[in-house]
Amino acid sequence: MRIFIIKLDYSTEEYHDVELFAFQDYDKAYDKFKELILSERQPENSWVGNLDFDDNGEPVSKHYELDYEENNTCESEVWWRIEDQWDSRYYVYIDLLVLEVL
């Protein structure tokens with residue numbers, strides 16, 4: 001049996017936390033994954049929302065690094081990770097993990 005875990009790991013100068021969400025259905029997990037990305041892009045929810053992004057979804061400022069894999073194959077893990085290269089206390093990592101449960 002497979003389960004799907006969404007892990008939201010985020011940090012700022014004052015705060016660090018990890019939130020986990022568990023799903024039995026990949027599509028529901030992927031929907032939550034996308035929902036969290038959209039939420040992080042809102043200025044009232046995250047420091048990420050204050051960044052400027054180009055038409056390809058990449059941060060305009062070169063001191064922010066974005067790494068992502070959003071291949072929704074219903075089989076593979078996906079991620080969306082952004083971090084401040086000048087201040088390692090600022091990052092958001094969102095991962096959809098696929099786990100086998102025995």
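All values below were derived from every heavy atom in this structure, side-chain atoms included, with hydrogens, water molecules and symmetry-related copies excluded. Computed from a predicted model, the values in this text were never measured in an experiment.
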| task | Look at the side chain of D54 and the backbone N and O of N56, then say whether any donor-acceptor pair between them is shorter than 3.5 Å. | result | yes

| request: Would you indicate whether Q42, at its atom CD, is surrounded by more than 12 heavy atoms from other residues, nucleotides or ligands within a distance under 6.0 Å? | output: yes

| message | If you take the centroid of each ring, where Trp contributes its six-membered ring, are Y90 and W47 closer together than 6.0 Å? | response | yes

| message | Taking D95 first and then R81, would you say they form a salt bridge - that is, a charged N and a carboxylate O separated by under 4.0 Å? | response | yes

| query | Can you name the closest pair of heavy atoms from P43 and G49 and give their distance? | reply | CG-O, 3.4 Å

| field | Flag side-chain contact, heavy atom, 4.5 Å: I82 against E65 | value | no

| field | Distance (rounded to the nearest 0.5 Å) between L97 CG and R2 CZ | value | 13.0 Å

| said: Using 0.5 Å steps for rounding, measure from the NZ atom of K34 to the CD1 atom of I6. | reply: 11.5 Å

| query | Going through the checks in order, is the side chain to side chain contact (heavy atoms under 4.5 Å, CB included) test met by L66 and E83? | reply | CA-CA 7 Å; L66 177 66; E83 54 190 53; over 6 Å; no

| Between NZ of K28 and CZ of F4, what distance do you get to the nearest 0.5 Å? | 12.0 Å

| query | How far apart are the C-alpha atoms of F33 and W80, what are their side-chain angles, what is the distance that settles it, and do they pass the ring pair (Phe, Tyr, Trp, His ring centres under 6.0 Å) test? | reply | CA-CA 9 Å; F33 171 78; W80 186 88; 8.3 Å; no

| task | May I ask whether M1 and L20 are part of the same hydrophobic cluster, defined by side-chain heavy atoms of I, L, V, M, F, W, Y residues being less than 4.5 angstrom apart, directly or through others? | result | yes

| task | Locate the shortest heavy-atom distance separating V60 from F53; write the atom from each residue and the value. | result | CG2-C, 3.7 Å

| field | Rounded distance [0.5 Å steps], CG in L51 versus OG in S61 | value | 7.5 Å

| Pair Y91-H16, side chain to side chain contact (heavy atoms under 4.5 Å, CB included): steps then yes or no | CA-CA 9 Å; Y91 63 83; H16 174 256; 3.0 Å; yes

| query | Run the side chain to side chain contact (heavy atoms under 4.5 Å, CB included) check on F23 and I3 step by step: do they pass? | reply | CA-CA 6 Å; F23 297 88; I3 62 168; over 6 Å; no

| query | Are any non-hydrogen side-chain atoms of P59 and D52 less than 4.5 angstrom apart? | reply | no

| said: Measuring from atom CD of E77 to atom CG of L99, what distance do you get when rounded to the nearest 0.5 angstrom? | reply: 7.0 Å

| task | Tell me, please, whether F21 has K32 positioned over its six-membered ring: NZ or CZ under 6.0 Å from the ring centre and within 45 degrees of its axis? | result | yes

| When hydrophobic residues are tied together by side-chain contacts of less than 4.5 Å, even through go-betweens, does Y30 share a cluster with W79? | no

| Salt-bridged, R89 to D87, with N to O below 4.0 Å? | yes

| Is there a donor-acceptor pair closer than 3.5 Å between any side-chain N or O of T12 and the backbone N or O of Y15? | yes

| query | Given L96 and V98, is the side chain to side chain contact (heavy atoms under 4.5 Å, CB included) satisfied, shown in steps? | reply | CA-CA 7 Å; L96 189 164; V98 180; 4.2 Å; yes

| task | Grab the two heavy atoms, one from E40 and one from L8, that are nearest each other, plus how far apart they are. | result | OE2-CD1, 4.3 Å

